[in-house]
*Asks:* 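This structure is in structure tokens; I'll ask about it shortly.
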Amino acid sequence: MNTHTPTFEQERLRWESGCRWVAGVDEAGCGALAGPVAAAAVIVAPESADLPLWRKVRDSKLLTPAQRTALAPQIQAAALAWAVVLVAAAQIDSAGIAAATRQAMQAAIAELSPQPRFLLIDWVRLPLVSIPQFSCAKADRSMVSVAAASVLAKVTRDAHMVALDSQFPAYGFARHKGYGAPAHLTALAHCGPCPQHRYSFAPIAQAATLFPQAGLA
């Protein structure tokens, strides 16, 4: 059995108990040094669970960029409801990455219509959300709706980083999407950080000390 193939087992437990609107929730970009954190929420209607599409969905990290890009619009078309929210680097610095991630997730859930009656979440817990929820590690590898959310969050954030690359071409955001790749760290050493970097993260804080005017433009 391929343990990386998600199923609707957790969703069906809730559907069979009378809870039709179950949302999967996941994030992308928590560990990046630049750019926003993204969160997505996806509701799959019980009657559409047998669509062939859902058998193709995986944790976004297990898919190629081309596969993710192809799947994202199909997920959006087949889902009963979906939403993606970005929380900017400045808010991450202000609130902290954990709080900013929860904010993004909460905002994505709030945008869903219909509103979910149960949440399946990858790792994060949302104590300020009154909707019943189940959170566990690697939910994006075992639950279809969470895997679908991971794809939408990743594709949306990646597109945002590609757009930022044209504004800040020195850093190579289009290639590494703001993560701590060697080329990114080299660019930081030569140019210092820009306004899209997360100054609360140690590598950026260290680079900023060498470029006191960085990030002000």
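These figures come from a predicted structure and were not determined experimentally. Only this structure's heavy atoms are used, side chains among them; waters, hydrogens and symmetry mates stay out.
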*Asks:* Find the distance between CG (Leu13) and CZ (Phe134) and round it off to the nearest 0.5 Å.
*Replies:* 9.5 Å

*Asks:* Starting from Met161, can I reach Phe168 by hopping between I/L/V/M/F/W/Y residues whose side chains sit under 4.5 Å apart?
*Replies:* yes

*Asks:* What pairs of residues pass the side-chain hydrogen bond (donor to acceptor under 3.5 Å, both in side chains) test when at least one of them lies in residues 38-48, not counting sequence neighbours?
*Replies:* Arg20-Glu47

*Asks:* Distance-only, no hydrogens or angles: does the Tyr179 side chain make a donor-acceptor pair with backbone N or O of Gly29 under 3.5 Å?
*Replies:* yes

*Asks:* Applying salt bridge (charged side-chain N to carboxylate O under 4.0 Å, His left out) as the test, list every pair that has at least one member in residues 161-179; sequence neighbours left out.
*Replies:* none

*Asks:* So which pairs with a foot in residues 95-110 pass side-chain hydrogen bond (donor to acceptor under 3.5 Å, both in side chains), sequence neighbours left out?
*Replies:* Gln91-Gln103

*Asks:* For a quick test of reading the model, state the closest non-hydrogen atom pair linking Ala40 to Ala153 and the distance between them.
*Replies:* CB-N, 3.7 Å

*Asks:* Can you sort out the partners of His184 under ring pair (Phe, Tyr, Trp, His ring centres under 6.0 Å), two or more places apart, ordered by chain and number?
*Replies:* Phe173, His176, His197

*Asks:* Indicate yes or no for a side-chain donor-acceptor contact from Gln196 to the backbone of Leu164 under 3.5 Å, with no hydrogens or angles considered.
*Replies:* no

*Asks:* Salt-bridge test for Asp140 and Lys61: reply yes if a basic N is under 4.0 Å from a carboxylate O, no otherwise.
*Replies:* yes

*Asks:* Working to the nearest 0.5 Å, report the span between CD of Gln206 and CZ of Phe201.
*Replies:* 15.0 Å

*Asks:* I'd like to check Gln74 versus Lys56 (side-chain heavy atoms, cut-off strictly below 4.5 Å). Are they in contact?
*Replies:* yes

*Asks:* Please answer whether the main-chain N or O of Ala149 pairs with a side-chain N or O of Asp26 as donor and acceptor at a distance below 3.5 Å.
*Replies:* no

*Asks:* Linking Ile, Leu, Val, Met, Phe, Trp and Tyr through side-chain heavy atoms less than 4.5 Å apart, which residues share a cluster with Ile43?
*Replies:* Trp21, Leu80, Leu112

*Asks:* State plainly whether one hydrophobic cluster holds both Leu86 and Ile97, where clusters connect Ile, Leu, Val, Met, Phe, Trp and Tyr through side-chain heavy atoms under 4.5 angstrom apart.
*Replies:* no

*Asks:* Could you tabulate the donor-acceptor pairs under 3.5 Å formed by side-chain atoms of residues 185-192, not counting sequence neighbours?
*Replies:*
from   : atom 1 : to     : atom 2 : distance (Å)
Thr186 : OG1    : Pro182 : O      : 3.0
His190 : ND1    : Thr186 : O      : 2.9

*Asks:* How close do Ala104 and Val87 get, counting heavy atoms only, and between which atoms?
*Replies:* CB-CG2, 3.6 Å

*Asks:* Which pair of heavy atoms, one from Gln67 and one from Leu63, lies closest together, and at what distance?
*Replies:* OE1-CA, 3.4 Å

*Asks:* Would you name the heavy atoms of Ala95 and Ala99 that are closest together and state the gap between them?
*Replies:* O-CB, 3.5 Å

*Asks:* Membership question, hydrophobic clusters at under 4.5 Å side-chain separation (ILVMFWY): are Val85 and Leu120 in the same one?
*Replies:* no

*Asks:* Who passes ring pair (Phe, Tyr, Trp, His ring centres under 6.0 Å) against Trp15, sequence neighbours left out?
*Replies:* Phe8

*Asks:* Whether the side chain of Thr69 engages the backbone of Ala66 through a donor-acceptor N/O pair (distance < 3.5 Å, no angle test) should be reported.
*Replies:* no

*Asks:* Would you find a donor on one side and an acceptor on the other, under 3.5 Å apart, between the side chain of Arg198 and the backbone of Pro36?
*Replies:* yes

*Asks:* With sequence neighbours excluded, give me every side-chain hydrogen bond (donor to acceptor under 3.5 Å, both in side chains) pair touching residues 109-136.
*Replies:* none

*Asks:* What's the spacing between Gln10 CD and Arg12 CZ if we round to 0.5 Å?
*Replies:* 12.5 Å

*Asks:* Can you pull out every side-chain hydrogen bond (donor to acceptor under 3.5 Å, both in side chains) where at least one residue sits in residues 150-159? Sequence neighbours excluded, please.
*Replies:* Lys154-Asp158

*Asks:* Is there a side-chain contact (heavy atoms from CB on, under 4.5 Å) between Asp59 and His4 once you walk through the steps?
*Replies:* CA-CA 8 Å; Asp59 168 13; His4 293 165; over 6 Å; no

*Asks:* Tell me whether Leu51 shares a hydrophobic cluster with Val42, the cluster being built from Ile, Leu, Val, Met, Phe, Trp, Tyr side chains joined at under 4.5 Å.
*Replies:* yes

*Asks:* Hey, what else clusters with Leu126 if you join Ile, Leu, Val, Met, Phe, Trp, Tyr whenever side-chain heavy atoms sit under 4.5 Å?
*Replies:* Val25, Met105, Ile109, Leu119, Ile121, Val124, Val129, Ile131

*Asks:* In this structure, would Val37 and Trp82 fall into the same cluster of hydrophobic residues linked by side-chain contacts under 4.5 Å?
*Replies:* no

*Asks:* Indicate the atoms forming the closest heavy-atom contact of Ala39 with Ala108, along with that distance.
*Replies:* O-CB, 3.8 Å

*Asks:* Enter the distance from Leu152:CG to Ile75:CD1 here, rounded to the nearest 0.5 Å.
*Replies:* 5.0 Å

*Asks:* For Val162, which fellow cluster members are found when Ile, Leu, Val, Met, Phe, Trp and Tyr are connected by side-chain heavy-atom distances below 4.5 angstrom, either directly or through intermediates?
*Replies:* none

*Asks:* Identify the two heavy atoms, one from Glu27 and one from Cys30, that lie closest to each other, and give their separation to 0.1 Å.
*Replies:* OE1-N, 3.3 Å

*Asks:* Checking Arg68 now: which residues fulfil side chain to side chain donor-acceptor pair (under 3.5 Å) with it, not counting sequence neighbours?
*Replies:* none

